[in-house]
Amino acid sequence: MTAAVMTAASACGGGSGGDSGGSGDKTKIVFSYWGSDARQKLTEQALKKFEEKNPTIDVEGDFSNWDSYYEKLATKVAANDAPDVMSIEIRGLSEYAGRGALADLAGKVPSADLDQQVLSSGQVDGKQYAIPTGVNAFSMLANPSVLEKAKQKLPDDKSWTWDDWINLAKQVSGSGGNVMGAEYNPNPAWLQIFAAQRGEKFYDGNKIGVSVDTIKAWWNISQQLIQAKAAPEPAKSAELLTAGPEQSLLATNTGAMGMWWSNQLNALSKASGQELSLLRMPKEKGATSAGMFLQPAMYYTGSAKSEHPAEAAKLIDFLVNDPDAASILLSDRGLPTNAKVLAAVKDKLPPVDQRTLAFIDEIKGELSPISAPPKGALQMEDILKRNTDEVLFGKTTPDAGAQKFLSEANAAIAG
């Protein structure tokens, strides 16, 4: 992807994802995004509403599944054919902004009613390249029904530790109910939270700030769970991750606890048919910081080479600032960061999203600020998962694995 974006930065000529064709004098712009079939349907409804309110603009939705999204986007950017409005997650923001692919949206999209701390996370080198779609938090989710069958209770998430989590998972798995206490999620957000509890930053400027000892201690949590048969064997975990959230242990009522983004509560609850609970992440003993953070679910960005920047900005404005858009999209891209929009649609949110909103409101004062990570962050999950697998599968030692992760991760950031 980096090579493709670099090609875009040096390519000649001016490209555009839109044109002035379409019907009559309408201007056409292209909006790229990823997701599920359900998200595609919601987005198409929102784009139709935008076109009704802006009859001189046609929007072409450029939809991809998650696995192919960035490869497709990088190819289009490299060919000077970037969509006018692009969905990007925080890990890709510095990469695309640093290669000159994104437009500075400061003063072009109204942002006074957005959460200013969350808005600032869309800045790179002082420029507002991205507008957050909504927010969520990486959290622990629990299935009270599974816990109850194992004769266990929901933990006190204000005080529980990683040892408490491990012990509770052991109790569930040992209850004879053919269920697992916990399941593994290789998302770097978990390591970021764990490191923060130990006073370390995942990214410390343009390098990884996590120590070898912290990585080893983090891996040890998974190793303890696997050894105690309180979490699946590594091969089974890999299979579950490939299958997606709806096939997770939590969603199929065969697991008691798992870590997911808070905006995934809705899909996981529907799949399980149960009322799942959002919990704070466990803490290291003696930790003064919870380590948790509020993160944009994704961002809307504009192409620096769009021939229709005003129309692109108008679409972004609609998606983040118009209650009509929020009434359709609800929490699909995280809970709205526009306070007025959130107030307008709050009563329309389904009960599960009401609980997500209440949870985020409850923990908001405990959350750390977030900023865009350096370029190379898009590769971090793959690098971390690959090295984690080597350790958990017994192919290397935790010491060697941690050193290898740091070497590969820092090389990715250095480019």
Side-chain angles (χ1 to χ4, degrees), residues 1-9 11 15-18 28-47 59-99 101-102 129-130 133-134 136 185-189 238-248 260-261 263-264 267 271 295-306 312 315 319 329 332-334 372-373 375-386 389 412 415:
M1 187 208 77
T2 301
V5 178
M6 288 178 71
T7 304
S16 168
K28 188 184 83 172
I29 59 174
V30 179
F31 169 52
S32 67
Y33 65 102
W34 71 83
S36 62
D37 290 343
R39 172 173 292 166
Q40 185 180 19
K41 289 176 183 176
L42 290 174
T43 304
E44 286 174 351
Q45 291 176 40
L47 296 181
V59 184
E60 177 187 321
D62 184 9
F63 171 77
S64 305
N65 62 32
W66 168 248
D67 291 338
S68 64
Y69 181 75
Y70 278 112
E71 181 180 355
K72 181 179 176 181
L73 184 63
T75 300
K76 285 181 173 290
V77 170
N80 274 337
D81 189 30
D84 299 275
V85 178
M86 299 171 278
S87 302
I88 288 180
E89 60 171 328
I90 196 168
R91 293 180 298 176
L93 184 54
S94 293
E95 191 80 58
Y96 279 84
R99 304 302 178 186
L102 305 181
Y129 288 113
T133 66
N136 56 18
N185 190 325
N187 197 301
E239 179 186 322
L240 289 166
L241 287 167
T242 302
E246 286 81 2
Q247 297 302 315
S248 66
W260 300 94
W261 291 102
N263 70 326
Q264 293 177 298
Q295 177 169 298
M298 62 186 79
Y299 296 98
Y300 297 127
T301 65
S303 168
K305 296 186 177 182
S306 172
L315 175 61
L319 291 171
L329 300 172
D332 178 69
R333 288 169 167 85
K375 65 182 180 67
L378 271 174
Q379 303 173 54
M380 214 51 62
E381 186 165 351
D382 287 342
I383 294 171
L384 182 60
K385 184 181 183 303
R386 184 171 62 253
D389 284 348

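Reckoned from all heavy atoms, side chains included, excluding hydrogens, waters and symmetry mates.
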query: Do W34 and Y70 have side chains that get closer than 4.5 Å, going by heavy atoms?
result: yes

message: Quick one, K41 with D37, criterion salt bridge (charged side-chain N to carboxylate O under 4.0 Å, His left out). Give me CA distance, side-chain angles, the key distance, then yes/no.
response: CA-CA 6 Å; K41 289 176 183 176; D37 290 343; over 6 Å; no

- request: Say whether, by atom type as modelled, one donor and one acceptor occur between the side chain of T133 and the main chain of R333 under 3.5 angstrom.
  value: yes

query: Can T43 and F63 be said to form a side chain to side chain contact (heavy atoms under 4.5 Å, CB included), step by step?
result: CA-CA 10 Å; T43 304; F63 171 77; over 6 Å; no

- request: Show your working on side chain to side chain contact (heavy atoms under 4.5 Å, CB included) between D62 and K72 and close with a plain yes or no.
  value: CA-CA 10 Å; D62 184 9; K72 181 179 176 181; 2.7 Å; yes

message: Restricting to non-hydrogen atoms, name the atom on I383 and the atom on A412 that form the minimum distance, rounded to 0.1 Å.
response: CD1-CB, 3.9 Å

message: Closer than 3.5 angstrom, by distance alone: can the side chain of S87 be matched with the main-chain N or O of S32 as a donor-acceptor pair?
response: yes

- prompt: Is there side-chain contact between V85 and S306, with at least one heavy-atom pair below 4.5 Å?
  reply: no

- prompt: Quick one: does D81's side chain have a donor or acceptor within less than 3.5 Å of a partner on K76's backbone?
  reply: no

D84/V59 under side chain to side chain contact (heavy atoms under 4.5 Å, CB included): CA gap, chis, key distance, verdict: CA-CA 10 Å; D84 299 275; V59 184; over 6 Å; no

Worked verdict on Y129 versus Y96 for side chain to side chain contact (heavy atoms under 4.5 Å, CB included): CA-CA 9 Å; Y129 288 113; Y96 279 84; over 6 Å; no

- prompt: Backbone N or O of G376 within a donor-acceptor pair of the E95 side chain at under 3.5 Å?
  reply: yes

- request: Examine distances only and state if a side-chain atom of T301 and a backbone atom of A130 form a donor-acceptor pair shorter than 3.5 Å.
  value: no

